[in-house]
Protein chains: 2
Amino acid sequence: MDETQIQQVRRFNRVVTQRVGVLHEHYLGRDRPVGEARLLWEVGERGQDVRQLRERLGLDSGYVSRLLRSLEDDGLVVVEPSARDRRVRTVRLTEAGRAEHALLDARSDELAGSLLEPLNAGQRARLVAAMAEAERLLTAATVTLDAVDPAHPDAEHCLRRYFEELAERFDTGFDPARSLLPDAGELRLPRGLFLVARLHGEPVGCAGLKLPPDAPAEIKRMWVAPSARGLGLGRRFLAELEARAAEQGREVLRLDTNKTLSAAIGLYHSAGFQEVPAFNDEPYAHHWFEKRVARRVEG
Amino acid sequence: MDETQIQQVRRFNRVVTQRVGVLHEHYLGRDRPVGEARLLWEVGERGQDVRQLRERLGLDSGYVSRLLRSLEDDGLVVVEPSARDRRVRTVRLTEAGRAEHALLDARSDELAGSLLEPLNAGQRARLVAAMAEAERLLTAATVTLDAVDPAHPDAEHCLRRYFEELAERFDTGFDPARSLLPDAGELRLPRGLFLVARLHGEPVGCAGLKLPPDAPAEIKRMWVAPSARGLGLGRRFLAELEARAAEQGREVLRLDTNKTLSAAIGLYHSAGFQEVPAFNDEPYAHHWFEKRVARRVEG
DNA sequence: TCCATTCTCTGACCTTAGTCAGACACTGAG
DNA sequence: CTCAGTGTCTGACTAAGGTCAGAGAATGGA
C-alpha cells in the first residue's frame, strides 16, 4: 500500500477524531452519560426490542438492562413484554423521551452547523462534497464478504430479494422453476461456494460460484441490495470470486445474464469479461461472458 | 444554512465516528489505557513540559500527574525538573518508551491501512483525495479569529514574522522605520482593531483595521503564516474586517500593498476591491485598493 | 528579604462503562 | 407435561477517567 496514502489517511484520522469525535461526545452527552444517550437515540421513534439494541450497540445484556432501568427511572422510556414472545421486552419512548430524542437531534444539527459555520459558501460546498465522497467510500470499506452456507438465513434473504427483483425487471417475468438453478449443494464446497456481503451485520448482497469438476467455474446469482449500490460491491464480488476460483486452480470463469441487467453487463465488460457464444441453454439468458482468471488479484 | 448540507455532514459524522473513532481507540489502547497511550504519544521523541501536555490534551493537572507516574513506573518515561525553571517538570521517553511510541505509530499505520484495504486502487485514490480535501477544510474551520490588543504576545509574534517576511520578499528590503506604520493605539478600539487567527491555540495570522475619524477605514498588516496558507484565511480576514467596519458605520474600506505580494493582489481583486490612485505616500506601496462596504456579509 | 504567584503532586472522592455468573420467566419441541 | 434453550434481569465486581482541595517547592518582583 502506498505510504503517502497511509500518511494522508492518518492526518485525516487525527483531524477528524479531534474535530468531530470529541465534539460529538461533548454535544451528545451534555446532560446524561454518553451510553444512555446512545441507547436513547437507538430506541428511536418506533421503539426496539432489547435484543436488537444490544446487538446494534454491541453491549452486554446486563449493561443494557441497567441503562434501560436508568432511562426508565428518568421517565424517558417504557419497557414492556413483547406481544409475540413474552420473554422479549420492547422499549419505546415516552413523551419526555421523545422530547429528549428531539434535543439530541437538534444537537447533532448544531454540531454539523458548527463545522460549516466558519466557512464561506464555496468552501462549504467543497467540504460537503468531500464528506459525501469519503462517507460513501468508508461505507464501501465497511462491507464484509463472507463465505456462508447457501441455506444460511442471510443467504436465503438475499436470494429471495434477488428473485423478486428479477421477476420485476425481466420483460418475461421470472419463474425460478423454469431457470437453470444450481441446487444448494452446488454452491457448497467442494462443488462451489456462496458469498454474502454484510454492512453492519445486515446482508446487502450475495454471489455464488459453481465449481463443476468437468467445466469452467461459473458465477451465479450475483445481487446487490439497492441500498448498497454505488459502493463498487459488484466489482468487489467479481474480484473475490476470481481470486477464489484461482485458489481452486481454475483458469476460466464464466457467467450468463439477461439483457435487462444493463448495469451488470457494463460491469462484466469493464472487469475484463469477453462476450462468448451461449455455453448453456438458460432460458432467461441473452448474453454469455468468459474471462481468463488472473493468477493473483489485487484487493 | 442549507438543510441538505447539514444532513450530509451528519451522515459523515456518523460513519466516521463509527469507522474511524471506535477503531482508533481500539488500536491505540490495545494493551494500555487510552489516556496513557495518548499521553505517551503526545510526549513524542523530543519530550515535553508537563504544562504543555496538560494544555494540549485538555486534562486536569492531578490526572496528568497520575498518568505520568504510571508511565514512569512502567519505565516508559522519565520526569525531571526543567533546567530553566525548576518548578516546571519535563517529560521524555526512555528507550522502552521510544519502542512503545514506535508501536503506537505502527498501529496508526495499521488502522489507516485497514480503512483502505478492502478498496480497489481507484477507490483508494478517490478516498484519499476526499480525505485530503475534508481535512484541509475542517482545519480551516478550526481556525478562530479574535480581536486582541496589538501588544498581546500572539499579535507581536505575528507582526515580527510579518516584518521578516516583507524584508525577505520586497526587492528593496523592508525597514519598519521608513514605512507608514500605525502606532499600536491606532489598532485599538475605538481608533481601530487587531485580529489574530489561531489554530489549536497557536497564532497563524493577523490583520489590523484602522478607523480614522476623518478618513475611510483601512486594512493594515494582514499576514498568514506559511503553514496556514491555502485555508482561505486571507479571504476570511477580509470578510471579517469588512463586517466589523460595517458595524462601525463605515462605508469604504481601503488598503495599500507592494507589487511583490501577487497572491494578496489577486485576493483583493477577487474580493471586490478596485484599484484606485494612491491615497497616501507609503514608500513600500505600489498598488492602492478600495471597496464599498457591503451592509451585511455572509460567513 | 518577603510575599504573591506558579507549577506539580498527593489524597480523597466520584461517575461512567463494562464484565461475569447466576436467577428467573417464558417458549417450543417432543 | 417436561425440559433444554432463550431472553432479561440482578448482584457483585473492576478499571478507566476524571475532579477537587490543598501541600510543598521554586520563582520573580517589590
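Each chain gets a letter, A, B and so on, in the order its sequence line appears, and its residues count up from 1.
- Rounded to whole Å, the distance from CG on B/L68 to P on C/dT8 is 10 Å.
- With hydrogens and angles ignored, a donor-acceptor pair closer than 3.5 Å exists between the side chain of B/S61 and the base of C/dC9.
- Across all strands, A/V64 comes closer than 4.0 Å to no nucleic acid atom at all (heavy-atom distances).
- When the shell of 6.0 Å around CZ of B/R56 is examined, it contains 12 or fewer heavy atoms from other residues, nucleotides or ligands.
- The nearest heavy atom of DNA chain D to B/L67 and to B/G62 marks one nucleotide each, and the one closer to the 5' end goes with B/L67.
- If you check distances only, the side chain of B/R66 does reach the base of C/dG11 with a donor-acceptor pair under 3.5 Å.
- Of the residues near DNA chain C, A/R38 and B/T90, the one whose nearest nucleotide (by heavy atom distance) lies more toward the 5' end is B/T90.
- For D/dT8, neither phosphate oxygen OP1 nor OP2 lies less than 4.0 angstrom from any side-chain nitrogen or oxygen of A/R86.
- Summarising the local packing, CZ of A/R86 is surrounded by 12 or fewer heavy atoms from other residues, nucleotides or ligands at distances under 6.0 Å.
- With respect to A/R32 and A/E100, a salt bridge is recorded, a charged nitrogen being found less than 4.0 Å from a carboxylate O.
- For the residue pair B/T90 / B/Q48, no side-chain donor-acceptor distance below 3.5 Å is found, with atom types taken as modelled.
- Between B/W41 and B/H101, the ring planes are parallel. Angles under 30° get that label, and only those over 60° would be called perpendicular.
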So what's the dot-bracket for DNA chain D: Watson-Crick or G-U pairs under 3.5 Å, [ ] if a pair crosses, | if it pairs off-strand?
||||||||||||||||||||||||||||||

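- Per the geometry, CD belonging to B/E25 stands 10 Å off P belonging to C/dG18, to the nearest Å.
- Distances were taken from every side-chain heavy atom of A/R87 (C-beta onward) to each of C/dC20, D/dC20, C/dC26; the shortest belongs to C/dC26.
- With hydrogens and angles left out, the side-chain atoms of B/Q8 and B/R11 include a donor and acceptor closer than 3.5 Å.
- For A/D60, the side-chain atoms get nearest to C/dC20 when compared with the rest of C/dC20, D/dC9, D/dG18.
- The B/Y63 side chain lies nearest to D/dT19 when the options are C/dG18, D/dT19, C/dC7.
- In this model, the phosphate group of C/dC9 is approached by a side-chain N or O of B/R69 to a distance below 4.0 Å at OP1 or OP2.
- Taking atom CZ of B/R51 as the reference point, atom P of D/dT27 lies 13 Å away to the nearest angstrom.
- For the pair B/E80 CD and D/dA25 C1', the computed distance is 17 Å after rounding to whole Å.
- Between A/L71 atom CG and D/dT8 atom C1' the separation is 16 Å, expressed in whole Å.
- Between B/R89 atom CZ and D/dA26 atom P the separation is 11 Å, expressed in whole Å.
- In this structure, A/L59 atom CG and D/dG7 atom C1' are separated by 16 Å, rounded to whole Å.
- Taken from CZ in A/R14 to OG in B/S108, the straight-line distance is 7.5 Å, to the nearest 0.5 Å.
- Side chains of B/E42 and B/Q52: no donor on one and acceptor on the other come within 3.5 Å.
- Rounded to a whole Å, the CG atom of A/L39 is 14 Å from the C1' atom of C/dT16.
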